[in-house]
Undergrad: 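Have a look at this one.
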Amino acid sequence: RPELEDHQHGVLFLVAKHLASGVATLKSEIANQLWIRLAGACAGQRDIVLGSVYMPQESAAKQSRDDAWGTPQASATG
């Protein structure tokens with residue numbers, strides 16, 4: 001998603017080759033956040049959702065900080 005990246009930071013996952021077929025990238029509208037789902041067949045009985053998130057510094061715009069915190073928080077509680 002180059003249109004969302006500021007080219008200063010990035011996030012990624014390194015996944016073992018034997019698990020790669022069970023990994024799906026999840027959609028994220030917030031820059032510098034990457035979410036993946038590891039299918040239950042690869043992870044045991046249940047799907048596992050993992051996020052790699054770069055959080056904006058305190059000096060960043062308040063809306064950027066709120067958006068960055070709100071996305072994972074809503075996903076965890078929703």
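Index from 1, following the sequence.
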Undergrad: Output all residues satisfying salt bridge (Lys or Arg N to Asp or Glu O under 4.0 Å) with K62, sequence neighbours left out; order by chain, then residue number.
TA: D66

Undergrad: Do W35 and L50 make a side-chain contact, defined as non-hydrogen atoms from C-beta onward lying under 4.5 Å apart?
TA: no

Undergrad: Counting distance only, does the side-chain N/O of D47 pair as donor-acceptor with the main-chain N or O of G40 below 3.5 Å?
TA: yes

Undergrad: Measure across S64 and P56 and return the closest heavy-atom pair with its distance rounded to 0.1 Å.
TA: O-CG, 3.8 Å

Undergrad: Can you list the residues that meet the side chain to side chain contact (heavy atoms under 4.5 Å, CB included) rule with Q63, with sequence neighbours excluded?
TA: D67

Undergrad: Measure the shortest side-chain to side-chain distance between I36 and L26 over non-hydrogen atoms and say whether it is less than 4.5 angstrom.
TA: no

Undergrad: Do the side chain of R65 and the main chain of Q57 share a donor and acceptor less than 3.5 angstrom apart?
TA: no

Undergrad: List the atom of L34, the atom of T25, and the distance in Å for their closest heavy-atom pair.
TA: CD1-CG2, 3.9 Å

Undergrad: Side chain to side chain donor-acceptor pair (under 3.5 Å) with E58: which residues, sequence neighbours excluded?
TA: none

